[in-house]
Amino acid sequence: MAKEPISRATQQFLAGSPFKLWIGGQWLPAGDGGTFRSYNPSDGVCLAELASAGSADVDRAVVAARGAFEGPWGQAGLAKREECLNRLGDLITAHNDELAELESLDDGKPISTTRAIDAWVAAGLAHHFAGWPSKIAGYTPSVGAQDHFVYTRREPLGVAAIVIPWNYPLIHSVQKMSPALACGNAVILKPAQWASLPLIRLAELIQEAGFPDGTVNILTGPGPVIGAALAAHPGINKIQFTGSTTVGRSIVQASAGNLKRLALELGSKAPNIIFADADLDSAIAGAFEAGFGFSGQSCVAGARLFVQEPIYARVVERLAGLARAARIGDAMDVSTEIGPIIHKTQADAIMAYIEGGIAQGATLVCGGRRLTEGPYTGGNYIEPTILTGVRDDMTVAREEIFGPVVPIFSFATEDEVIARANDTSYGLAAGIWTRDVARAHRVAAAVKAGTVWVNTYDRFDAAAPFGGFKGSGYGRDNGHEVIDAYTEAKAVWVSLK
Ligand code: NAP
Ligand code: MG
């Protein structure tokens with residue numbers, strides 16, 4: 001393994017530990033002085049110490065955000081919103097490698113990916129939403145009362161709290177805060193404890209981009225304290241939550257007090273379907289990325305692979321070949337394809353799913369081991385794992401594993417696979433691989449999921465809505481849908497008499 005040395009810029013940044021909370025444009029310790037540690041999942045080494053916010057800090061952040069919303073940010077013209085978001089996009093681009101490095105160190109995503117994708121996508125999101133402020137518009141409905149003229153306005157909601165998980169800290173934070181800011185809202189962001197470090201650096205860039213103090217506030221620390229306090233807080237108008245379905249449900253309940261606007265991006269168990277007529281080279285490469293990219297720790301992971309009977313054995317064999325050959329290693333090694341699992345707790349849970357699946361009768365085709373020695377010492381490594389002989393009612397077929405584990409099922413007909421693909425409480429994403437155009441459209445329409453990929457997988461764009469059906473949540477990121485969701489529609493009636 002050839003691990004890259006930590007760059008001078010990142011070393012300098014990490015020397016700033018212990019890091020503080022970012023409230024009202026100031027760096028402040030937690031009110032009760034609490035801290036927590038951030039670890040590198042590649043080797044278990046402690047990277048930094050961060051402030052652990054409590055409910056008093058949530059109150060302070062709400063006051064700061066409200067002040068910005070009712071003051072300099074709410075009153076800023078559209079050009080100021082566009083300028084700040086554009087500058088943020090430029091700054092993320094200028095610091096691409098540094099942000100990528102921090103993310104790889106903190107969450108274990110391979111550096112080749114974070115450099116090419118995460119920071120770059122985050123910059124693109126800021127630039128995309130920088131174009132929106134001057135395009136947000138109402139309309140003039142044709143009302144029956146001819147002696148009245150009606151127009152609509154789209155107004156910001158106020159203070160939006162954004163709670164994100166650990167798997168895409170840069171992309172999720174920028175994707176969710178940019179439309180909120182473009183619409184004129186102020187933001188409180190609560191990252192996951194396992195991946196907060198890149199967002200401390202991002203906060204510095206947000207400051208440099210010229211947003212007035214308090215427009216964005218960042219609270220690090222435990223979800224059950226901060227996330228729950230944000231969800232229940234009467235001073236918050238919207239909560240955008242991305243994470244597990246269980247916590248999502250608790251957010252719905254906690255938010256009932258002031259009937260907050262809600263957007264929930266939750267769990268998934270995405271079906272990825274390969275028909276016998278598919279271009280097998282691209283389908284197998286796509287299934288590998290869908291299942292094992294970032295060690296399967298993605299909400300859209302192709303977690304149930306359905307393969308039509310005539311090609312089933314061939315696909316299992318070729319996918320297992322790719323899995324056995326994959327280079328597993330430290331996230332800071334440019335040759336690493338599969339990095340570590342984010343945390344020991346998560347690795348334990350994944351191993352329990354693999355062992356449980358085998359105990360329930362699944363066949364282990366490849367992988368299934370935890371790697372703990374030599375170059376893997378101290379890290380949380382699990383081999384890419386393929387299971388066959390999995391019944392649809394087994395736990396590994398139903399629950400989100402969030403790890404490098406792909407059960408492969410065989411099917412006979414289109415109707416059968418549609419029914420099985422939809423037999424889940426989730427509905428975030430699905431993949432279809434076929435050369436038959438009519439079938440592609442039929443199945444895309446029949447699958448109950450917010451995003452369907454045909455002969456491709458894992459594609460996103462700020463212009464295309466993304467979100468879940470069923471237990472995967474409600475509301476959408478991206479597209480014009482997210483702009484509607486960060487504004488209220490107001491109808492103004494004017495008498496013409
Ligand atoms: P999680 O446990 O639900 O945590 C997500 C966030 O919520 C973290 O910031 C967490 O803080 C916080 N949190 C924890 N308990 C909370 C509570 N009681 N009230 C409010 N906030 C609370 O999810 P995870 O295990 O980190 O992430 C994996 C899950 O996210 C998977 O289910 C995955 O499918 C889902 N996900 C969905 C999408 C999507 O777009 N649909 C994208 C990515 C991930 P701490 O962790 O710091 O305590
Ligand atoms: Mg970490």
Side-chain angles (χ1 to χ4, degrees), residues 34 36-39 41 50-55 58 106-107 109 118 161-173 175-176 188-197 199 218-233 236 239-255 260 262-270 293-303 341-343 345-350 353 399-403 424-429 449-451 458 460 464-478 482:
F36 68 99
R37 286 177 170 188
S38 148
Y39 295 92
L50 295 97
S52 182
S55 56
V58 170
D106 203 17
D107 70 13
K109 193 177 292 157
D118 293 77
I162 297 172
V163 179
I164 58 169
W166 43 262
N167 54 350
Y168 291 88
L170 286 171
I171 293 179
H172 279 149
S173 57
Q175 178 179 57
K176 288 152 204 292
I188 300 173
L189 176 73
K190 188 263 178 270
Q193 290 172 92
W194 289 348
S196 292
L197 268 185
L199 302 190
I218 299 189
L219 298 176
T220 49
V225 176
I226 310 168
L230 288 168
H233 205 293
I236 287 177
I239 182 145
Q240 153 76 58
F241 172 79
T242 306
S244 59
T245 298
T246 312
V247 176
R249 275 202 197 92
S250 72
I251 301 261
V252 174
Q253 282 157 356
S255 69
K260 280 181 191 64
L262 280 184
L264 303 171
E265 305 267 355
L266 308 175
S268 169
K269 190 77 179 174
F294 191 30
S295 301
Q297 303 173 109
S298 164
C299 50
V300 297
I341 303 301
I342 181 84
H343 197 273
T345 313
Q346 189 74 8
D348 290 345
I350 296 166
Y353 274 116
E399 293 185 9
E400 185 178 38
I401 300 175
F402 227 61
T424 165
S425 57
Y426 296 117
L428 190 62
T451 296
D458 219 353
F460 297 90
F466 175 78
F469 281 26
K470 306 196 282 183
S472 292
Y474 40 73
R476 290 291 179 271
D477 282 328
N478 297 342
V482 75

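Bear in mind the structure is a predicted one, so any value in this text is a computation, not a measurement. Counting convention: from 1, in listed order, for ligands and their atoms alike.
- The ligand atoms of ligand 1 that sit less than 4.0 angstrom from a heavy atom of Phe402 are 28 (C), 31 (C), 33 (C), 34 (O).
- Using a 4.0 Å cut-off between heavy atoms, Thr246 makes no contact with ligand 1 at all.
- Each of the following atoms of ligand 1 lies closer than 4.0 Å to a heavy atom of Gly227: 19 (N), 20 (C), 21 (N).
- Note: His343 and Trp194 have parallel aromatic rings, judged against thresholds of 30 and 60 degrees for the angle between ring planes.
- Looking at ligand 1, you won't find any N or O of Val247 less than 3.5 Å from one of its N or O atoms.
- Checking atom 4 (O) of ligand 1 against the protein gives no heavy-atom contact under 4.0 Å.
- At least one donor-acceptor pair under 3.5 Å links the side chain of Lys260 to the backbone N or O of His233.
- Remark: ligand 1 and Glu400 share an N or O pair separated by less than 3.5 Å (distance only, no angle test).
- Set against the non-hydrogen atoms of Gln193, the atoms of ligand 1 under 4.0 Å away are 45 (P), 47 (O), 48 (O).
- Protein heavy atom in closest approach to atom 36 (N) of ligand 1: Cys299 CB, 3.6 Å.
- Only the side chain of Phe241 comes within 4.0 Å of ligand 1, judged by heavy-atom distances.
- Those atoms of ligand 1 with a heavy atom of Thr242 less than 4.0 angstrom away are 5 (C), 37 (C), 38 (C), 39 (C), 40 (O), 42 (C), 43 (C).
- Under a 4.0 Å heavy-atom criterion, Phe466 is in contact with ligand 1.
- Of all atoms in ligand 1, numbered sequentially from 1 with element shown, those under 4.0 Å from a heavy atom of Ile251 are 20 (C).
- In summary, the atoms of ligand 1 found under 4.0 Å from a heavy atom of Val163, numbered by their order in the structure, are 6 (C), 7 (O), 9 (O), 12 (C).
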